[in-house]
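The block underneath contains the structure these notes are about, expressed in structure tokens.
Everything quoted here is computed from the prediction, not taken from an experiment. These values consider heavy atoms only, across backbone and side chains, with no hydrogens, waters or symmetry-generated copies.
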Amino acid sequence: MSKNIQSIRGMHDFAPEQAAAMRMLESNLLSVLKSYAYQEIRMPIVEKLELFKRSIGEVTDIVEKEMYAFEDGKDGAWLGLRPEGTASAVRAGIQNGWLHNQQQRYWYLGPFFRRERPQKGRYRQFHQLGVETFGMQGPDIDLELILLTRSMWQAVQLPAENLQLQINTLGDAEARAKHRDQLIVYLSDHQDALDAEARNRLHANPLRVLDSKNPKIQAIVGAAPKLLDYLGEEAKEHFGSMQHSLNQMGVEYIVNPTLVRGLDYYNRTVFEWVSTELGAQGTICAGGRYDGLVEQMGGKATCAAGFAVGLERLLSLVAKQMTDSVQEVDAYFVSLGDEASHYGFQLLAKIRQQLPDCAIQMNCGGGSIKAQMKRADRSGARLALIVGEDEVNNQQIAVKYLQTREPQQVLSEDELLKLLKTQN
């Protein structure tokens with residue numbers, strides 16, 4: 001007897017109830033994007049590995065440890081499963097001419113891949129909703145992205161008391177260079193206390209040391225030079241203007257000077273929404289500006305900003321709300337005999353055409369009326385629509401209420417349509 005094949009560790013199946021809740025979550029989030037007039041784009045799951053090395057940075061956990069990369073057998077090119085969406089969106093924008101001298105507001109949705117150690121809130125295949133904007137320089141687009149995310153949390157009924165908005169600024173290249181030099185000097189003085197990962201990053205990417213989750217490193221980082229102290233006037237004004245607007249809009253936030261994001265391409269505004277209910281993996285949404293990435297990727301200099309929402313993490317916080325909102329089965333069709341079954345298919349085709357939002361499940365596979373009524377109960381339907389020989393001859397349907405004590409009725413097709421309209 002052959003051994004059952006199991007799914008890959010960290011890559012999960014969704015049962016129908018979970019899939020329905022995820023679809024409802026996505027639907028609510030996309031309705032907010034529609035109200036802000038953002039447009040969908042779609043990119044490949046597989047890209048050239050060089051795309052992620054150039055955009056994300058070679059000295060990052062993603063490229064160094066977490067990428068699913070493989071050699072294409074035909075031409076020897078190295079390819080990778082996408083670990084994030086911004087690089088692909090920029091590549092697509094440059095390749096298709098969507099970006100230069102244009103303002104764009106895009107969204108995309110789908111699976112992403114990182115070969116991390118699976119744990120709660122962190123999976124090897126995970127799903128994200130990403131948003132990318134191009135061609136807008138001022139802090140007003142930073143504000144819009146934060147307000148958009150806040151609208152999303154309201155749309156999915158995420159309790160605000162368990163959520164915290166953290167913001168920071170990474171300034172501009174000149175300020176980061178000055179801060180980088182001083183940060184290396186400071187961290188070098190504490191090199192003996194750094195772990196192996198922090199020592200590896202010390203000269204290649206010292207800003208990432210600030211993002212370490214190691215408690216001992218965090219204690220050292222607390223006294224490290226602050227990038228905020230090196231900002232130029234333009235970057236200070238940009239960050240100050242955004243904070244003023246957040247205050248005006250009544251958005252609560254904290255400034256977290258150690259918030260640097262995990263990717264090399266960010267500058268100026270960065271932000272995260274963090275839930276207190278998820279422990280160490282508490283970030284459900286993260287983003288910021290990446291004004292230099294388009295040019296870095298070979299395009300014309302273009303301002304850009306965006307964010308990504310981790311859907312599995314968000315769903316874990318609002319699963320009940322989403323499950324309660326999932327459309328139920330409105331009716332289950334019980335047929336007694338072949339003629340009743342044929343009549344049923346014809347009738348349900350009419351109903352579905354006139355009431356496309358009405359969910360009716362047809363009994364298939366035969367069975368006695370007792371067996372079919374059991375299936376009707378298990379489906380969770382509110383009504384059982386029962387048709388036998390007499391009903392076929394009279395073009396009528398017996399209606400039995402499954403969740404209330406209302407008496408059974410026999411209705412014409414038109415009367416049934418009216419009833420389903422009121423029930424739906």
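- A donor-acceptor pair is defined here as one N or O able to donate and one able to accept, closer than 3.5 Å; such a pair exists between the side chain of R82 and the backbone of P111.
- Residues passing the salt bridge (Lys or Arg N to Asp or Glu O under 4.0 Å) test with K320, sequence neighbours excluded: D324.
- Here the shortest heavy-atom pairing between V156 and V318 reads O-CG1, 3.5 Å.
- Within the structure, ring pair (Phe, Tyr, Trp, His ring centres under 6.0 Å) pairs that include any residue of residues 286-322 comprise Y265-Y290 (at least two apart or interchain).
- Judged by distance alone, with hydrogens and angles left aside, the side-chain atoms of E391 form a donor-acceptor pair with the main-chain N or O of G388 at under 3.5 Å.
- A search for side chain to side chain donor-acceptor pair (under 3.5 Å) contacts involving Y36 returns S151, not counting sequence neighbours.
- Using modelled atom types, one finds no donor on one side chain facing an acceptor on the other under 3.5 Å when comparing E295 with T302.
- For Y106 and W98, the distance between ring centers is under 6.0 angstrom.
- A salt bridge links D172 to R268: at least one charged side-chain nitrogen sits closer than 4.0 Å to a carboxylate oxygen.
- Remark: the backbone N or O of C285 is not paired with any side-chain donor or acceptor of T283 at under 3.5 angstrom.
- A salt bridge is defined here as a Lys NZ or Arg NE, NH1 or NH2 lying under 4.0 Å from an Asp or Glu carboxylate O, and R105 with E144 meets this definition.
- Counting only N and O atoms by type, the side chains of E277 and S275 include no donor and acceptor under 3.5 Å apart.
- Scanning both residues, D291 and C303, for their nearest heavy atoms gives OD1-CA, 3.4 Å.
- Taking E237 as the reference, nothing meets the side chain to side chain donor-acceptor pair (under 3.5 Å) condition, with sequence neighbours excluded.
- Q361 and S379 are not linked by any side-chain donor-acceptor pair at a separation below 3.5 angstrom, with hydrogens and angles left out of the test.
- Between the side chain of R114 and the main chain of P83, a donor-acceptor pair closer than 3.5 Å is present.
- Partners of Q39 according to the side chain to side chain donor-acceptor pair (under 3.5 Å) rule, which considers only residues two or more places apart in sequence or in another chain, do not exist here.
- F126 pairs by the ring-ring contact (aromatic ring centres under 6.0 Å, His included) definition with nothing, not counting sequence neighbours.
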